[in-house]
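Chain identifiers are assigned alphabetically (A, B, ...) following the order of the sequence lines, protein sequences preceding nucleic acid strands; residue numbering begins at 1 within each chain. In what follows, every heavy atom counts, from backbone to side chain, and hydrogens, waters and symmetry copies are set aside.
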There are 2 protein chains.
Amino acid sequence: MRIGELAARAGTTTRTLRYYEARGLLPARRTDNGYRTYDEGDLKLLRQIRTLQDFGFDLEETRPFVECLRAGHPEGDACPASLQVYRRKLDELDALIGELTAVRAQVGRQLARAESARDGLAADAAVPGGPEPVCELGGRQR
Amino acid sequence: MRIGELAARAGTTTRTLRYYEARGLLPARRTDNGYRTYDEGDLKLLRQIRTLQDFGFDLEETRPFVECLRAGHPEGDACPASLQVYRRKLDELDALIGELTAVRAQVGRQLARAESARDGLAADAAVPGGPEPVCELGGRQR
DNA sequence: CCTTGCCCTGACGCCGACGTCAAGGCTTAG
DNA sequence: CTAAGCCTTGACGTCGGCGTCAGGGCAAGG
């Protein structure tokens, strides 16, 4: 099959496939006229790449899986190098989720504080100096 | 104070301050010789920006906070536009954390499956066709 | 006068994963 | 013959938030 068909069957674009080839991730055979040719095995490799990409893996991180499949394994994660990538990714995800959760809590507190400050200041109760200045963002919005 | 001092006091770089100015976020007055001049208020604005940046806010998302401070409010989140940004960010964070958590679970399952498959295949028990192919990644590493 | 240490503008580099043109070749149907 | 619809390479654009020169100016101390 040619590049357009493979791209369509994998739900991606020809540009992406040429990019993978340039990166050495998914090399292609060529026909006489220079057209790239792929087989079902390439589709499988490609699907493995896309799945991992969907999980947020970098392209380079998919390489062990692809090489594992190319080495004849039925699953891309049958090789130690792939498992290593899994474990590293889990650590990264845990760290990231932890950070984001902390940030979420912090932002949540800020919002609560700001809202209560706003409520508390209603009727200019806590501002002896007069009414507080007002944001002038009325007219045009982006 | 000049740009170098402000940068140092805020723990950032002069390049960053010039960038903020170019983006219209933190304009500077100028001395006769063209040097940028800042005051304590600018330091406050800058700290607000950096804090939000540390939370993962885009530069554009900090703008309402900066304008709020510039409008005379003691807090950058005293304005409705800032609160809107908070809320949007919370939604984004929740969505992102949710996705990442789902991915983490999925990757965790893949790892468990791959590991158990590996264990199960120990001693070539489940491979009638002979020993499984081995990943050849030995020689050179990146 | 010269060096040192600030400051200035302008402009390219970076990173990742492609998108999007440009300019052209092959093949097949009409 | 020609147009349509594939394919080719090459190369620049995108996005954010700066880093890093290059080439120069200004001010103060020795």
Side-chain angles (χ1 to χ4, degrees), chain A residues 1-39 42 45-66 85 88-89 92 96 100 103 142, chain B residues 1-39 42 45-66 85 88-89 92-93 96 103 142:
Chain A
M1 105 189 76
R2 292 181 304 184
I3 194 170
E5 188 184 344
L6 179 60
R9 288 182 63 184
T12 183
T13 68
T14 60
R15 179 67 182 92
T16 296
L17 298 186
R18 295 196 188 96
Y19 178 68
Y20 291 171
E21 182 175 16
R23 304 270 73 202
L25 200 59
L26 190 64
R29 278 113 280 162
R30 300 297 182 117
T31 62
D32 289 351
N33 58 18
Y35 286 13
R36 291 172 178 81
T37 312
Y38 303 90
D39 57 22
D42 292 318
L45 298 184
L46 182 51
R47 284 211 235 265
Q48 173 76 80
I49 297 171
R50 299 307 293 182
T51 299
L52 294 175
Q53 286 268 88
D54 289 345
F55 284 169
F57 284 53
D58 296 343
L59 256 193
E60 278 310 309
E61 292 178 322
T62 72
R63 197 180 293 273
F65 295 81
V66 174
V85 174
R88 244 186 332 111
K89 188 54 69 176
E92 282 177 26
L96 184 54
L100 290 177
V103 166
R142 278 185 322 108
Chain B
M1 107 189 76
R2 291 180 305 183
I3 194 170
E5 188 184 343
L6 179 61
R9 289 182 62 184
T12 184
T13 67
T14 60
R15 178 68 182 91
T16 296
L17 298 187
R18 295 198 188 94
Y19 179 67
Y20 290 171
E21 182 175 15
R23 304 269 74 201
L25 200 58
L26 190 63
R29 277 113 282 162
R30 300 297 182 118
T31 63
D32 288 352
N33 57 18
Y35 286 12
R36 290 173 179 80
T37 312
Y38 303 89
D39 57 24
D42 291 317
L45 299 184
L46 181 51
R47 284 211 234 266
Q48 172 78 80
I49 297 172
R50 300 306 295 181
T51 298
L52 294 175
Q53 285 267 87
D54 289 345
F55 285 169
F57 284 52
D58 297 343
L59 259 192
E60 277 311 310
E61 292 177 323
T62 73
R63 195 179 293 273
F65 295 80
V66 175
V85 174
R88 239 180 343 105
K89 188 53 70 175
E92 281 177 26
L93 284 169
L96 185 53
V103 166
R142 276 185 323 109

*Any side-chain heavy atom of A/Glu61 within less than 4.5 Å of one from A/Gln53?*
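In short, these two side chains do not touch, never coming nearer than 4.5 Å.
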
Rounding to a whole Å, what distance do you find between [X]:[atom1] and [N]:[atom2]?
X: B/Arg15; N: C/dC8; atom1: CZ; atom2: P; answer: 12 Å
X: B/Ile49; N: D/dG17; atom1: CD1; atom2: P; answer: 11 Å
X: B/Arg2; N: C/dC8; atom1: CZ; atom2: P; answer: 9 Å
X: B/Phe55; N: D/dG17; atom1: CZ; atom2: P; answer: 16 Å
X: A/Arg63; N: C/dA17; atom1: CZ; atom2: P; answer: 11 Å
X: B/Arg29; N: C/dC8; atom1: CZ; atom2: P; answer: 13 Å
X: A/Arg30; N: D/dT8; atom1: CZ; atom2: C1'; answer: 8 Å
X: B/Arg50; N: D/dG16; atom1: CZ; atom2: C1'; answer: 13 Å

*asked:* Quick check for you: to the nearest 0.5 Å, what is the distance between A/Phe65 atom CZ and A/Leu52 atom CG?
replied: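 The CG atom of A/Leu52 is 5.0 Å from CZ of A/Phe65, to the nearest 0.5 Å.
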
*Heavy-atom contacts under 4.0 Å between residues 3-11 of chain A and DNA chain D, which residues?*
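A/Ile3, A/Gly4 - these, ordered by number, are the residues of the stretch whose heavy atoms sit under 4.0 Å from the strand.
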
*Of all of residues 16-25 of chain A, which get a heavy atom below 4.0 angstrom from DNA chain D, listed by number?*
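Heavy-atom contacts with DNA chain D come from A/Arg18.
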
*Check step by step if side-chain contact (heavy atoms from CB on, under 4.5 Å) holds for B/Thr62 and B/Gln48.*
CA-CA 8 Å; B/Thr62 73; B/Gln48 172 78 80; over 6 Å; no

*What residues, two or more places apart in sequence or in another chain, satisfy side-chain contact (heavy atoms from CB on, under 4.5 Å) together with B/Arg47?*
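With neighbours one apart ignored, the set is B/Leu43.
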
*asked:* Can you give me the closest heavy-atom contact between A/Val66 and A/Leu25, atom names plus distance?
replied: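 That would be CG1-O, 3.7 Å.
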
*List in chain and number order the residues that pass side chain to side chain donor-acceptor pair (under 3.5 Å) with B/Asn33, two or more places apart in sequence or in another chain; answer none if no residue qualifies.*
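Expected list: B/Thr31.
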
*Counting only distance, no hydrogens or angles, is the base of D/dT8 paired donor-acceptor with the side chain of A/Arg36 under 3.5 Å?*
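No pair found.
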
*Output the single nucleotide from D/dC18, C/dG19, C/dC18 whose closest atom is nearest the side chain of B/Gln53.*
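Shortest atom-to-atom distance from the side chain points to D/dC18.
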
Should the pair [X]-[Y] be classified as a salt bridge under the 4.0 Å nitrogen-to-oxygen rule?
X: A/Asp42; Y: A/Arg36; answer: no
X: B/Arg30; Y: B/Glu21; answer: yes
X: A/Glu60; Y: A/Arg63; answer: yes
X: A/Glu5; Y: A/Arg2; answer: no

Polar-atom pairs under 3.5 Å, protein N or O versus N or O of nucleotides 21-27 of chain D: list them with distances, or write none.
{"unit_1": "D/dG25", "atom_1": "N2", "unit_2": "B/Tyr35", "atom_2": "OH", "d": "2.8"}

*Would you work out how much the helix from C/dC1-D/dG30 to C/dG30-D/dC1 bends between its ends, with each end axis defined by five base pairs, to 10 degrees?*
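Axis angle across the helix from C/dC1-D/dG30 to C/dG30-D/dC1, nearest 10°: 40°.
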
